[in-house]
Amino acid sequence: MVTVLVMGASRGIGLEVVRAALGRGYGVRAFARHASAIALTHDRLEKCPGDALAPADVERALVGVDAVVQVLGIPNRDLFGPVDLFSRATAVLLPLMARHGVRRLVAVTGFGAGDSAAAVGPFQRLPFRMLFGRAYDDKTRQEERIIASGLDWTIWRPGVLMNGRASGRARILTAPSQWRNGIVSRADVAANMVSHLEDAAMLHQKPVIIRF
């Protein structure tokens, strides 16, 4: 059985990844500060409390897993101050994955990070930068670290996130010429991430995912 470490598993896309991975028969180690409060029980689910910035916590969580799904987030109140969680947590994770021989990494950043920033429309660019600029600058640094890691990575870049069930109609845009913004449910993002977890065609890809 393939065991997946989900970092940021207590809410949002991370919690949806836990559900989707269990549904597809994976073993799941759910890592989060408040992992013990996750309102799910399953014989293939292990709840692992820890801090993504604490190397000892991350190393303990990596023992015996086959893949890592990294889904990090910050509260809205932190968007207007310095942001470095994404790059710092990734700097902790990557060398520990290498040490433990865990090669598969799936990470969530967002549309507007890295080279997808060039696809943000001119009318969206100013408000996007005002609201999310600091966070996305750090997501870009996160992506740069992942790309340089030598691991078997995929970086997923969702559009505007919504709640709701997986629709099965999300569009995966892999070519830069296709990249554009749109809405997508967290459940759709998670379902696609899990369904492509072992898909060799998605290695070293940076797909944008939207519903429409």
Side-chain angles (χ1 to χ4, degrees), residues 1-36 38 40-73 86-109 139 142-158 166 170 172 174 186-207 209:
M1 179 178 65
V2 173
T3 300
V4 182
L5 171 61
V6 182
M7 305 194 70
S10 61
R11 59 192 177 119
I13 296 173
L15 183 56
E16 295 294 344
V17 168
V18 172
R19 291 191 178 107
L22 290 171
R24 293 184 71 94
Y26 290 109
V28 176
R29 183 171 295 160
F31 181 94
R33 285 179 180 270
H34 305 292
S36 57
I38 295 172
L40 293 174
T41 56
H42 199 286
D43 59 2
R44 285 186 275 104
L45 173 63
E46 176 189 355
K47 299 174 186 179
C48 183
D51 182 346
L53 296 176
D57 290 355
V58 176
E59 184 158 25
R60 172 172 48 85
L62 281 167
V63 174
V65 305
D66 302 290
V68 177
V69 175
Q70 184 196 49
V71 188
L72 304 174
F86 306 105
S87 59
R88 286 177 62 206
T90 302
V92 170
L93 173 65
L94 296 176
L96 293 174
M97 287 184 64
R99 181 185 302 174
H100 285 271
V102 182
R103 293 201 51 78
R104 184 68 171 117
L105 174 61
V106 178
V108 176
T109 58
K139 287 175 184 282
Q142 175 190 9
E143 290 193 359
E144 290 169 349
R145 291 181 184 275
I146 291 170
I147 292 166
S149 69
L151 297 175
D152 296 332
W153 53 265
T154 306
I155 297 170
W156 290 84
R157 294 162 163 174
I172 299 173
T174 56
R186 292 171 174 85
D188 269 323
V189 176
N192 280 277
M193 290 170 63
V194 171
S195 68
H196 291 286
L197 182 65
E198 299 180 78
D199 181 1
M202 293 300 289
L203 297 183
H204 299 165
Q205 296 292 322
K206 299 172 288 183
I209 180 169

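Along the sequence shown, residues are numbered consecutively beginning with 1.
- In H34, the NE2 atom is not crowded: 12 or fewer heavy atoms of neighbouring residues, nucleotides or ligands sit closer than 6.0 Å.
- Closest heavy-atom contact between K47 and A35: CD-O, 3.5 Å.
- Residues V189 and P158 come closest through the heavy atom pair CG2-CB, 3.9 Å.
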Original post:
Between R186 and L15, is a side chain to side chain contact (heavy atoms under 4.5 Å, CB included) present by the stated rule, with each step listed?
Top reply: CA-CA 9 Å; R186 292 171 174 85; L15 183 56; over 6 Å; no

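- The shortest distance between side-chain heavy atoms of S87 and E144 does not fall below 4.5 Å.
- In this structure, the separation between CZ on R19 and CG on L40 is 5.0 Å, given to the nearest 0.5 Å.
- Atom-to-atom distance recorded for R60:CZ and L62:CG is 10.5 Å, nearest 0.5 angstrom.
- V18 approaches A9 most closely through the heavy-atom pair CG2-CB, 3.7 Å.
- Residues H196 and I172 meet the side-chain proximity criterion, which asks for heavy atoms closer than 4.5 Å.
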**OP:** Just do the side chain to side chain contact (heavy atoms under 4.5 Å, CB included) check on V63 and H100 with the steps written out, would you?
**Re:** CA-CA 7 Å; V63 174; H100 285 271; 3.9 Å; yes

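- Note that CZ of R29 and CD of E46 are 4.0 Å apart. Values are rounded to the nearest 0.5 Å.
- Residues passing the ring pair (Phe, Tyr, Trp, His ring centres under 6.0 Å) test with H204, sequence neighbours excluded: W153.
- You'll find the side chain of T154 reaches within 4.5 Å of the side chain of P207, heavy atoms only.
- Side-chain contact, R44 with T3: no donor N or O sits under 3.5 Å from an acceptor N or O.
- Contact annotation: the side chain of W156 approaches that of M202 to within less than 4.5 Å [non-hydrogen atoms, C-beta and beyond].
- Counting all heavy atoms, side chain and backbone alike, F31 lies closest to A61 at CD1-CB, 3.6 Å.
- I13 has its side chain within reach of V17: a pair of non-hydrogen atoms, C-beta onward, lies under 4.5 Å apart.
- In summary, of the residues considered (V69, V6, I209), a side chain to side chain contact (heavy atoms under 4.5 Å, CB included) with M193 occurs for V69 alone.
- Applying the 6.0 Å contact sphere to CZ of R11 captures no more than 12 heavy atoms from other residues, nucleotides or ligands.
- The two residues L72 and A52 make their nearest non-hydrogen contact at CD2-CB, 4.4 Å.
- Between K206 and I147 the shortest heavy-atom distance is CD-CD1, 4.1 Å.
- Here the side chains of M97 and L105 are in contact, with some heavy-atom distance below 4.5 Å.
- Atom NZ of K139 and atom CD1 of I146 lie 10.5 Å apart (nearest 0.5 Å).
- Taking CG of L93 as the reference point, atom CG of L5 lies at 7.5 Å (rounded to 0.5 Å).
- For the pair Y26/L197, a side-chain contact is recorded, criterion being any heavy-atom separation below 4.5 Å from C-beta on.
- Here Q142 contributes atom CD and T109 contributes atom OG1; the two are 6.5 Å apart, rounded to the nearest 0.5 Å.
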